[in-house]
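The structure appears right after this line, and notes come after that.
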There are 2 protein chains.
Amino acid sequence: MPRAGLDRATVVAAGAALADEAGLPGLTMGLLAQRLGVRTPSLYKHVDGLDDLLRRIAALALAEAGDAVGLAVRGRAGRDALAAAAHAFRAFVLAHPGRYASTVGQEPTGPDDPLAVGAGRMLDAFRSVLHGYEVPEPDTDHALRMLRSLCHGFATLESAHGFRWSADVDESFEWLIDFTDRGLRAM
Amino acid sequence: MPRAGLDRATVVAAGAALADEAGLPGLTMGLLAQRLGVRTPSLYKHVDGLDDLLRRIAALALAEAGDAVGLAVRGRAGRDALAAAAHAFRAFVLAHPGRYASTVGQEPTGPDDPLAVGAGRMLDAFRSVLHGYEVPEPDTDHALRMLRSLCHGFATLESAHGFRWSADVDESFEWLIDFTDRGLRAM
DNA sequence: CTCCTGTGGCTAAGGCTGTTAGCCACAAGC
DNA sequence: GCTTGTGGCTAACAGCCTTAGCCACAGGAG
């Protein structure tokens with residue numbers, strides 16, 4: 001039997017993909033092994049169990065999301081930057097719901113934890129959005145938390161089919177960006 | 001051996017309490033049975049399996065949260081109502097994280113589903129908050145979704161220890177209420 | 001007061017998880 | 001060409017949810 005030639009990065013990437021397709025609870029060691037053409041225990045040669053796998057998927061997701069938002073913001077300012085960041089974030093969560101779901105509730109062990117690095121990169125992207133508005137220094141942390149809560153809440157609820165009634169969801173998102181933009185400009 | 005005298009409502013209530021204490025993934029049929037002084041299979045006489053239990057816990061949580069927010073809003077208007085609703089919501093999620101977590105991702109089967117009834121009651125409470133502002137009719141749905149995203153996002157992130165850095169979380173929440181109030185009044 | 005029935009407990013068992021131990025063969029390096 | 005480390009494997013176990021089937025208690029009918 002020839003070796004499958006697996007790799008930690010391959011396993012984590014396949015796990016992330018499976019989480020997106022089957023939902024986070026649908027990500028199981030057995031299913032992942034089967035998809036990689038390998039028996040379940042073999043995964044333990046590359047990953048330290050399910051918890052470790054989830055941590056690594058979360059780190060991957062944060063890095064990817066941070067990159068996406070950072071790239072979207074680049075070269076923009078004010079309302080443009082806000083809209084670009086919000087759209088990039090929402091698009092990422094909708095395209096990768098399982099990946100993103102794995103990030104909530106993960107606590108980084110230290111400042112060098114890839115988890116913390118990825119989170120920091122995304123935070124920086126949102127911080128640069130605020131930089132385009134004249135937000136007083138002591139308020140930036142609060143504003144940052146508001147942006148995060150808003151984006152996280154909206155995208156999470158939408159990906160869980162939490163918006164069931166009539167109005168168009170895209171329209172609501174645009175409205176929400178407008179509302180935030182007006183509020184930030186008025187400071 | 002005397003009967004334990006269990007009841008569907010008792011089982012659901014104990015399940016909700018256990019979910020709050022041990023976290024939603026910590027709510028297990030075995031643990032719940034043990035806490036009720038009964039063997040695991042006995043629970044199936046009162047509840048149709050774990051999924052059914054989770055649905056009922058979610059319905060209970062929505063009813064309780066809706067009541068709490070509705071009661072907080074009663075007799076208030078404008079900024080007062082907004083602050084009262086937001087605080088009641090956040091307090092509920094922080095006090096009952098497991099209960100609340102069970103509500104996300106549950107889809108009601110029909111308009112008579114207790115799940116839908118509870119969700120509707122909470123929605124009405126927030127709708128009455130908006131009633132105190134002069135929000136144009138076509139915008140109310142969008143504003144409602146914004147309030148929901150903001151409250152859900154903030155409370156969820158906070159209860160998952162998502163706000164790690166320095167600034168005071170209570171202060172951020174007040175800031176966020178202020179920001180929303182100013183935005184709504186300016187419409 | 002006695003019997004009958006429904007209900008709410010129980011034991012036993014099966015299929016699914018994640019996980020560990022221990023084996024064995026391939027692939028690369030001296 | 002041999003040696004060694006590594007990446008597969010099988011076997012096994014604990015814990016989870018769930019079902020089947022039994023049995024004794026509680027309450028109502030006669």
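Order of the sequence lines sets the chain letters (A, B, ...), proteins ahead of strands, with each chain counted from 1.
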Residues at least two apart in sequence or cross-chain that pass side-chain hydrogen bond (donor to acceptor under 3.5 Å, both in side chains) with B/D181, listed by chain then number, are B/Y133, B/R185
Does any non-hydrogen side-chain atom of B/L184 lie less than 4.5 Å from one of B/M187? yes
Are OP1 or OP2 of D/dG7 and a side-chain N or O of A/S42 less than 4.0 angstrom apart? no
Evaluate the side-chain proximity of B/T103 to B/H152: yes if any heavy-atom separation is below 4.5 Å, no if none is. no
Rounded to whole angstrom units, what separation is found between the CG atom of A/L43 and the C1' atom of C/dT20? 14 Å
Tabulated below should be each protein N or O lying under 3.5 Å from an N or O of nucleotides 15-19 of chain D; please produce it.
from	atom 1	to	atom 2	distance (Å)
D/dC16	O3'	B/T28	OG1	3.3
D/dC17	OP1	B/T28	OG1	3.4
D/dC17	OP1	B/M29	N	3.0
D/dC17	OP2	B/T28	OG1	2.9
D/dC17	OP2	B/M29	N	3.1
D/dC17	OP2	B/G30	N	3.3
D/dT18	OP2	B/Y44	OH	2.9
D/dT18	OP2	B/L50	N	2.7
D/dT18	O5'	B/Y44	OH	3.3

Same hydrophobic cluster for A/L147 and B/V169, using side-chain heavy-atom links shorter than 4.5 Å among ILVMFWY? yes
Ring pair (Phe, Tyr, Trp, His ring centres under 6.0 Å): pairs with one or both residues in residues 12-38 of chain B, sequence neighbours excluded: none
Classify the ring geometry of B/F179 against B/W175: parallel below 30°, tilted from 30° to 60°, perpendicular beyond 60°. parallel
If you count every heavy atom of other residues, nucleotides or ligands that lies below 6.0 Å from B/R74 atom CZ, does the total exceed 12? no
Could you check whether the rings of B/F163 and B/F154 sit parallel, tilted or perpendicular, using 30° and 60° as the cut-offs? tilted
Which residues satisfy the side chain to side chain contact (heavy atoms under 4.5 Å, CB included) test with B/A88, sequence neighbours excluded? B/V69, B/A72
Going by the angle between their ring planes, with limits at 30° and 60°, are B/F89 and B/F126 parallel, tilted or perpendicular? perpendicular
If an axis is fit to five pairs at each end of the helix from C/dC1-D/dG30 to C/dC30-D/dG1, what is the angle between the two, to the nearest 10°? 0°
Report yes if the distance between the aromatic ring centroids of B/H96 and B/Y100 is under 6.0 Å, otherwise no. no
Produce the list of close N/O pairs, under 3.5 Å, pairing protein atoms with atoms of nucleotides 22-24 of chain C; give distances to one decimal.
none

Should B/H46 be listed as having a side-chain N or O under 4.0 Å from OP1 or OP2 of C/dG9? yes
Expressed in angstrom and rounded to an integer, what is the separation of A/L32 atom CG from D/dG8 atom P? 12 Å
d(CG, A/L6; C1', C/dA27) in whole Å: 16 Å
